[in-house]
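So the structure is just underneath, and the comments pick up after that.
Both counts, for ligands and for their atoms, begin at 1 and track the order of listing. This chain uses plain numbering: 1 for the first residue, then up along the sequence. Because the structure is a prediction, the values reported are computed rather than measured. Just so you know, these numbers use all the heavy atoms, side chains as well, and skip hydrogens, waters and symmetry mates.
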Amino acid sequence: MCYLDGEWKGRVLVFLLHICLALAYLKEFIHCMHLPMMLSLRTPIQIVLLLIWCSVAVGEPGKCREGVAKDITAHHLLVQDVFCSYDKDVRPVIKHSDNVTATIKLFIKFFSFDELNSVMHIHTWMAMTWTDAYLKWSPSDYGNISVLHVSIRDIWVPDLSIYNSGDLSVSMGFRRSQCVIYPDGMVLCVPAIKWPAYCQAVFRLWPFDMHECKLTIGSWNHHGEAVDIKMSDAGYSLDDYVQSKEWELKNVTALVNVSVYECCPNETYPSAEYTFIIKRHASAYAATVVIPVLVLVGMTLSTFWLPAELPHRLSLCLVSIVCHCLYLQYLGAKLPSNGDVTPVIVLLFRGSLIICGAAVAWSVALLSLSCESAGRDVGRNTSLIESRLLEIIQKPWIAQILCVGHLFSKSAPADGEERDDAAVTVAEGGLTRGWLIVSTALDHLAFYVFTVAYACMLLALIPN
Ligand SMILES: *[C@@H]1O[C@H](CO)[C@@H](O)[C@H](O)[C@H]1NC(C)=O
Ligand SMILES: *[C@@H]1O[C@H](CO)[C@@H](O)[C@H](O)[C@H]1NC(C)=O
């Protein structure tokens, strides 16, 4: 059952253990005479020991052959000969001063960007090739086998690792994957790797933001004189790339950076640096956030064209304020933490909220003045300020700018008696026509002022 082709040491050890156990049982037996219990315990333990014996006795693959079995194929022979005395911890060069040149190419599959934790996860297949001086054979000796498939765990692999990891809990090293070896010692491995690149993004221009994320890969232990890094062609391929729903990949650049540190001027440290430029797909956010802010601005400005004494005007302003507050809350929850840099869209809502608040104050002031004006005796002369303002407004160019010219002209031919509009005519609702003109003119003036305020705010916040 157990053919004897394994490690002798292990088998001798198990044999000794076996004898010790037997002696211990014998001792116990002499002391206590618990014969039936001993027997029942002893049998399973012996079976387990026999199984361990067998498993140790079965030879491990990849060891040097001692004799050729009958059904062994050229493939078996090749694996046994190639891996005879192979040590995967030894850098596979003949001369120690030689380097192993690892040529890499990143096949970018897709990526995701974890904005809250500033980590860009890049899912790739990384093709690596290098030459292993100890994995060579001549195919004619082995039934013309010209390619060998082995597990990445069984051979020496350049210890490439990410330098700017955004998640240090992710272990370094390659997962299980197969490598291909060619007779000239060339090894090709294409492990599938998810790189967690740290990428601190600034969301100032959210949702029209664009970010530059880097992925730096290099040997963890070796300098360039031991393990050199090169890129094949461009160093990356986007042939199988699947577009992200959230981000657009604008550009990828790849280059090998060679650094030299002060400590070791004779050593170089090459690393492959990939730069990804990504841009957010903004159309959804433009529809849900940017357009509403513009509508709210328009709503606030339109209130200045409503009669000052209309109570609905105040309601419109207040609705606008409530909407602003709701949106600010939404943005606060939606946007990732951004340090000291407040996103422009939040500043925009904040500025708009302040202007809206000013519009409410303005409306309240005009409303109260209207009430006061209406309370005055009809037919009495206008107040001093009112008449002063009317004098100014009456100047044709000012009247034209403030769009109140028609109010003067309407009143003029109505009775034919009053050319002087500063004199009082009775308007609807008990308001004097003078006050009507003044309040309308002031409203239009406020409209201009607030429009300019909005424009200044926009210009200040949006640099280009
Ligand atoms: C590694 O070896 C190659 C070829 O032998 C050589 O061209 C290259 O300069 C070496 N790299 C370093 C960093 O020494
Ligand atoms: C670097 O190389 C030079 C000349 O080869 C040698 O004199 C010097 O000692 C080396 N420096 C270090 C830090 O090994």
In the protein, which heavy atom is nearest to atom 14 (O) of ligand 1, and how far is it? Asn99 ND2, 3.4 Å
Which residue and atom name correspond to the protein heavy atom nearest atom 13 (C) of ligand 1, and how close is it? Gly224 O, 3.3 Å
d(Ile108 CD1, Met126 CE) to nearest 0.5 Å is 12.0 Å
Below 4.0 angstrom, counting only protein heavy atoms, does anything approach atom 2 (O) of ligand 1? yes
Protein heavy-atom contact under 4.0 Å for atom 9 (O) of ligand 1? no
Report yes if some N/O of Thr268 lies less than 3.5 Å from some N/O of ligand 1; otherwise report no. no
Could you tell me which atoms of ligand 1, counted from 1 in the order shown, lie closer than 4.0 angstrom to a heavy atom of Glu225? 13 (C)
For salt bridge (charged side-chain N to carboxylate O under 4.0 Å, His left out), just list the numbers for Lys194 and Asp167, CA-CA rounded to whole Å, side-chain angles, deciding distance to a tenth of an Å, and then say yes or no. CA-CA 11 Å; Lys194 170 178 144 186; Asp167 185 357; over 6 Å; no
Is the distance between the ring centroids of Phe304 and Phe450 under 6.0 Å? yes
Intermediate values then yes/no, side-chain contact (heavy atoms from CB on, under 4.5 Å), Val289 and Lys334: CA-CA 11 Å; Val289 180; Lys334 173 90 192 160; over 6 Å; no
Can you see whether Ser320 engages Thr300 through a side-chain donor-acceptor pair at a distance of less than 3.5 angstrom? yes
